[in-house]
Number of protein chains: 2
Amino acid sequence: MEKPEPLWLAIHDTLRDEIARGQWRAGSRLPTEADLAQRFGVNRHTVRRALAALAEAGLVQARRGAGVFVRAAERLPYRIGPRTRFHQNLLDTGRAPSRRILHTALARATEVEADALSLRPDAPLHVVEGISLADDQPVSLFRSAFCATRFPELGRHLASGDSITRALRALGVPDYTRKSTRISGYAADVLQARHLEIAPGDMLLLSEAINIDPDGRPLEYGRTFFVAARVDLVLDGPETGAIVA
Amino acid sequence: MEKPEPLWLAIHDTLRDEIARGQWRAGSRLPTEADLAQRFGVNRHTVRRALAALAEAGLVQARRGAGVFVRAAERLPYRIGPRTRFHQNLLDTGRAPSRRILHTALARATEVEADALSLRPDAPLHVVEGISLADDQPVSLFRSAFCATRFPELGRHLASGDSITRALRALGVPDYTRKSTRISGYAADVLQARHLEIAPGDMLLLSEAINIDPDGRPLEYGRTFFVAARVDLVLDGPETGAIVA
DNA sequence: GTAGATTTGTCCGTATGTATA
DNA sequence: ATATACATACGGACAAATCTA
């Protein structure tokens with residue numbers, strides 16, 4: 001026999017999904033506990049148990065006498081620092097990370113890419129584009145470029161969907177660190193919107209990053225478009241701090 | 001007598017502001033020279049003089065037979081690091097920094113503020129709100145909160161429009177550093193839009209920062225809304241690096 | 001400004017099924 | 001097998017905060 005899901009948990013999940021889907025807008029009032037109890041056909045206390053869990057997670061906030069209000073959907077804190085790693089980053093916040101590779105190619109460096117990687121324009125690059133997901137929800141579109149002269153074999157690793165960290169390790173780069181990051185805001189175009197399951201014009205945070213190897217040589221130039229409604233970029237103390245004892 | 005502003009310069013400034021305000025989107029075509037000439041009630045050559053200046057500054061690009069196109073407006077690179085200082089930041093990029101204080105008050109800490117500053121909720125705070133400008137163009141709305149118990153005299157300094165760095169120095173805090181930063185994207189509401197001279201719904205980058213004194217005690221909790229179309233946030237190598245020799 | 005209705009917060013109690021000692 | 005503890009679910013009553021007419 002299966003273990004039956006508690007009633008209050010089912011109600012909690014239903015409300016959580018409805019909030020995530022935007023059925024209850026941020027700041028708006030949920031139906032009263034009595035109404036919800038009637039809707040789900042349960043006692044008011046059972047609804048209260050579900051609401052308490054939502055409040056615990058920060059999704060709603062109750063005000064006595066006024067009602068239960070939807071708080072701004074919680075955003076995934078995405079930590080940016082010298083050692084920004086997608087997988088570890090999401091595991092740290094209790095999400096299930098995954099990647100979907102859209103495209104790999106051998107391309108020639110644009111002016112911007114060549115500049116970022118200290119290469120001459122038109123130098124050959126391995127380029128990989130894809131979608132990053134947290135709990136199966138798209139959070140970002142990324143495009144990474146690597147010097148193809150230095151890593152002739154990288155193409156195969158990238159296409160296989162392997163972790164970039166692991167692919168580089170296999171090619172003799174034990175570690176890499178973030179040299180610089182530039183963050184800017186843009187509106188999503190139609191294609192980006194489709195991939196990220198948002199509406200065209202929705203807000204994106206673009207993070208342009210240059211990663212270097214331990215010798216300080218530019219290794220990767222990456223552009224990542226984060227869905228602003230789903231992600232906060234966090235620059236934390238020791239990670240960005242000036243002094244490490 | 002005042003020196004009269006040349007006609008072409010007035011037109012140049014008008015168009016520049018309209019581009020900055022997003023009235024003409026990046027990549028879009030401006031009205032034809034003839035149309036602009038009619039709009040401003042001047043000869044086509046006067047418009048051409050204004051457009052030439054804009055092209056010189058890199059804001060537009062003319063293509064013979066096609067039209068004049070808006071190039072992506074250059075964004076101000078705003079450096080974020082352990083020692084983020086507004087004035088120095090802008091001077092470094094050759095802009096003229098200025099501040100406009102909107103409001104100073106003695107308020108009670110909200111839950112978020114109390115948490116950020118390691119105070120109890122409802123603790124008294126000095127709060128200052130204002131607009132930061134670069135070359136007289138608004139780039140951000142800021143709100144800073146300081147513990148009023150620790151700095152009883154800070155209110156006067158803030159209201160006077162003095163630099164925050166200087167005010168703190170006068171009160172015995174020789175230096176402060178950035179402990180953490182969180183960056184997120186939001187749409188401007190009506191009030192923000194009016195202050196920043198943009199349209200409601202335009203994109204803002206919110207930077208939430210906690211600054212600490214040399215002893216590691218939280219000093220300031222600041223929220224700054226940057227106009228995304230005018231600013232990039234830059235996290236640079238040595239500034240965000242883990243190790244400082 | 002006030003009174004009354006609405007809505008959440010907290011307490012009481014009862015009953016049932018499940019895991020544990 | 002029995003007893004105990006715990007989580008779930010229901011029902012009711014009242015207090016406290018809030019909203020509205």
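Reminder, nothing fancy here: chain letters follow the sequence lines and each chain counts from 1.
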Practice problem: Flag the pair B:C147 / B:L119 as yes when at least one side-chain heavy-atom distance between them is below 4.5 Å, and no otherwise. | Solution: yes
Quiz item: Do B:R143 and B:E113 have side-chain heavy atoms sitting under 4.5 Å apart?
Solution: yes
For nucleotides 2-5 of chain C, give me every protein contact, N/O to N/O, under 3.5 Å, one pair per line with atom names.
none

Quiz prompt | For atom NE2 of A:H12 and atom C1' of D:dA9, their distance in whole Å | solution = 18 Å
Quiz item: Can you tell me how far CG of B:L219 sits from CG of B:D213, rounded to the nearest 0.5 angstrom?
Solution: 5.5 Å
Quiz item: What distance do A:L205 atom CG and B:L205 atom CG have between them, rounded to the nearest 0.5 Å?
Solution: 6.5 Å
Quiz item: Can you check the A:E5 CD to C:dT18 C1' distance for me, whole Å?
Solution: 17 Å
Quiz item: To 10°, what angle do the rotation axes through the five end pairs on each side of the helix from C:dT2-D:dA21 to C:dA21-D:dT2 form?
Solution: 10°
Exercise. Round to the nearest Å and state the distance from A:R64 atom CZ to C:dG9 atom P.
Key: 7 Å
Quiz item: Does B:Y186 have A:R75 sitting over its ring (NZ/CZ under 6.0 Å from centre, angle to axis within 45°)?
Solution: yes
Self-check item: A:T46 side-chain N/O to D:dT8 phosphate OP1/OP2 under 4.0 Å
Solution: no
Practice problem: Return the orientation label for the B:F226 and B:Y78 ring planes: parallel under 30°, perpendicular over 60°, tilted otherwise. | Solution: tilted
Quiz item: Should B:L154 and B:L171 count as side-chain neighbours, where that means a heavy-atom distance under 4.5 Å?
Solution: yes
Exercise. Can you sort out which residues in residues 29-42 of chain A have a heavy atom within less than 4.0 Å of DNA chain D? Ascending by number, please.
Key: A:V42
Self-check item: Close side-chain approach of B:F86 and B:T224, heavy atoms under 4.5 Å
Solution: no
Practice problem: Please state whether the phosphate of C:dT8, meaning OP1 or OP2, lies under 4.0 angstrom from any side-chain nitrogen or oxygen of A:R48. | Solution: no
Exercise. Could you list the residues that satisfy side chain to side chain contact (heavy atoms under 4.5 Å, CB included) with A:T177, not counting sequence neighbours?
Key: A:R83, A:D175, A:I212
Practice problem: In sequence, state the C-alpha distance, the side-chain angles, and the governing distance for B:L117 and B:L125, and then conclude on side-chain contact (heavy atoms from CB on, under 4.5 Å). | Solution: CA-CA 10 Å; B:L117 290 172; B:L125 295 179; 3.8 Å; yes
Quiz item: Tell me, do A:L133 and A:R99 make a side-chain contact under 4.5 Å, heavy atoms counted?
Solution: no
Quiz item: Quick check: does any side chain N or O of B:N89 sit under 3.5 Å from a backbone N or O of B:R79, one acting as donor and the other as acceptor?
Solution: yes
Practice problem: Determine, stepwise, if the pair A:D35 / A:T32 fulfils side-chain hydrogen bond (donor to acceptor under 3.5 Å, both in side chains). | Solution: CA-CA 5 Å; A:D35 287 346; A:T32 65; 3.3 Å; yes
Quiz item: With a 4.0 Å cut-off, would you call B:R100 and B:E197 a salt bridge?
Solution: no
Quiz item: Checking A:R16 side chain against A:L54 main chain: does a donor-acceptor pair fall under 3.5 Å?
Solution: no
Self-check item: A:Q61 CD to C:dG9 P, straight-line distance once rounded to whole Å
Solution: 10 Å
Listed pairs, N/O of protein and of nucleotides 12-14 of chain D, under 3.5 Å:
| from | atom 1 | to | atom 2 | distance (Å) |
| --- | --- | --- | --- | --- |
| D:dG12 | O6 | A:H45 | NE2 | 2.5 |

Got a list of protein N/O to nucleotides 19-21 of chain D N/O distances below 3.5 Å?
| from | atom 1 | to | atom 2 | distance (Å) |
| --- | --- | --- | --- | --- |
| D:dC19 | OP1 | A:R63 | NH2 | 3.0 |

Quiz prompt | Criterion side-chain contact (heavy atoms from CB on, under 4.5 Å) on A:D232 and B:L206, from CA distance to verdict | solution = CA-CA 10 Å; A:D232 282 354; B:L206 167 60; over 6 Å; no
